[in-house]
Each structure stands twice: as C-alpha cells, then as structure tokens.
Amino acid sequence: MTHPSAPPSLADLRAEIDRIDAAMHHLLMERSAIIDRLVQVKRSQGTEGGSAFRPAREADMMRRLVERHHGLLPLDTVESIWRVIIATFTYVQAPYAVHADLAVGEPAMRDSARFHFGFTVPFVPHMGASGVIEAVEASKGDLGLLPATVGTIPWWTALEPERAPKIIARLPFVERADHPAALPVFVVSHPIPDAAVTEVRVYSVRVSGWSARAGHALPAFAEVLIAPDEALDGAALLVSLPPGHDIGEVLTALKGAGAGIRGMCAVGSHAAIHKVHA
Ligand SMILES: O=C(O)C(=O)C[C@]1(C(=O)O)C=C[C@@H](O)C=C1
C-alpha cells in the first residue's frame, strides 16, 4: 500500500500529462468547431471573402496572452504556439500564402514568417519588395512581409496608388529584448476596412531638398524609414505616427528645416507596438 504522503510515481505524473495533452487537444478541436460557426456568421454578415486576417483582434489577443502568462514555460514558446494556432485558423477559414522579401536577409525573414504564420500557411520567397507587393495585389487574400528596417529602396511608394496593398500590421505584435523573431516587419494586404487598427498611422512622404538638417528636424515621436528618392536631392520617407499625433506636425518640421514636400499619402495603419520589459 502506498503511503498517502509518498511522492507520486513517474507513471502517475505521466498519466497527468496524458490527461492534460488530451484536454488541450480536445480544446483545439472545440476551437475548430467555433471557427466553423464564426465563418457562417461572417458569411451571413457579408464580412468574409479575401483574407480572414483580423489584425486588430490578433494584436489584442497577443497582448492579453503575454500579460496573463507566468511560470516555467518560456514566453517565446507560448507566443509561437498561439501564433501558429491563430495563423492556421485564419488559413482554414480562407487559404492564403505569405509572400516575403528576403533581400533583407533570408534567415531573419524566414524565421519571422514561420514564427508568426507557422508551416501550414504556404511561404513564398521573393528577392525584393516589388515582387511581394505585386503578388499580394494580384491575390485574393495573401499577405506580404516587408522589412521595417532602413534600406536603400523606398518600397512603400508602391503602396501609394488607391488600389495597391496597404500596411495592416507590424510584427512582432509584442516586442521585447531577445525576441526569437525580432526582425521588425510590416504586413501588407488588400485593405480590410472592417478590421483595420488605426492606432499607428503610416504615411509615405516624398521630400525634395533633403539634408542632414531636415533629418534632425524629424520629431522624436515619429518612427521614420528614409531612402533616397529618384531625384538627386530627394528622399522618400515612411513615417509611422503613434496615437495622438498628426502628419501635419512632421510636414511642418520638415518645411521649417528647408525641405520641400513633393507628396504625402497614407499607406496603412497598425496596432500600437506593445513592449514587454523582462
Ligand atoms: O476573430 C476572428 O475574426 C477570427 O477569424 C478568429 C481568429 C482566431 O483564430 O482566433 C482567426 C483569424 C483572425 O485574424 C483573428 C482571430
């Protein structure tokens, strides 16, 4: 007979693990059934079609996941599991592919795509942003991943035409030191008006008379990617504005520093970046 306070046997603990694994699996199957019903509701409301990716909802889910997590299991693992769950349930609602610009460096971009969208969603590599943007534009509901890092090609000017894809999200949803898929990436797709998050608004701004002075005049609240424009002294800017700020503030600062504004166009928006401090 086992003593009541005797430590549990390995077999007992493994039986507990089997019980939990089966419960988690059943919960995932239950989630599938809910997704089935969600698709029917979306269909009846006429809100399905194109991409099933809902960036506002996903940003909110990822933030809450990170906030409630504690314990031994690394946050990286929990986040990656949920990314695969959500991205795959997006895929089963409406198949899509993820097109990625590998020019920024293949390993980092591939890691980002796989971390955020898993392995069921097809991954389509491109060498350069224009191929990504064209593929997304030609698709019904594909997503494109473009680097939110400084480069020499102002890919965002291709998002200016009204019918061109727009920025709908920025990854990772939750930033922290040593994130396993840390490359900052913009997600582009056909605009999804019913589900867009407008916390951070993103603008393409073309400037003439670009100078170091103009660069220094950029307000600190704006996050700006700068690339040379075709014109000799020109620059193409991708300006991300946090809530509570207006693009007019940036244009005024640039003009005050002697730069000319040749064009300005909204090219999308995304959820505010949620930062976690370890
Ligand atoms: O909430 C929705 O609209 C869903 O489609 C469900 C779901 C999910 O699996 O939780 C999937 C895709 C969306 O991007 C957001 C969330």
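Counting starts at 1 for both ligands and their atoms, in listed order. Computed from heavy atoms alone, side chains included, the values below leave out hydrogens, waters and symmetry copies.
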Side-chain heavy atoms of I247 within contact of V239, under 4.5 Å
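In contact.
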Tell me every residue that passes ring pair (Phe, Tyr, Trp, His ring centres under 6.0 Å) with H245, counting only those two or more places apart in sequence or in another chain.
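Result, ring pair (Phe, Tyr, Trp, His ring centres under 6.0 Å) vs H245: F221.
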Indicate every side-chain donor-acceptor pair of residues 26-34 with a distance under 3.5 Å to a residue at least two apart or in another chain.
residue	atom	partner	partner atom	Å
H26	ND1	A22	O	3.0
S32	OG	L28	O	3.2

Report every pair formed by an N or O atom of ligand 1 and a protein N or O atom separated by less than 3.5 Å, giving atom names and the distance to 0.1 Å.
residue	atom	partner	partner atom	Å
ligand 1	3 (O)	K42	NZ	2.9
ligand 1	5 (O)	K42	NZ	2.9
ligand 1	5 (O)	Q93	OE1	3.4
ligand 1	5 (O)	Q93	NE2	2.7
ligand 1	9 (O)	R31	NH1	2.8
ligand 1	9 (O)	R31	NH2	3.4
ligand 1	10 (O)	R31	NH2	2.8
ligand 1	14 (O)	R54	N	2.8
ligand 1	14 (O)	E58	OE2	2.4

Any side-chain donor paired with an acceptor under 3.5 Å for E79 and H69?
no
Considering the options L146, V267, T157, which one meets the side chain to side chain contact (heavy atoms under 4.5 Å, CB included) requirement together with L238?
V267
According to the ring pair (Phe, Tyr, Trp, His ring centres under 6.0 Å) rule, which pairs have a member within residues 103-123, sequence neighbours left out?
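Only F115-H179 qualify under ring pair (Phe, Tyr, Trp, His ring centres under 6.0 Å).
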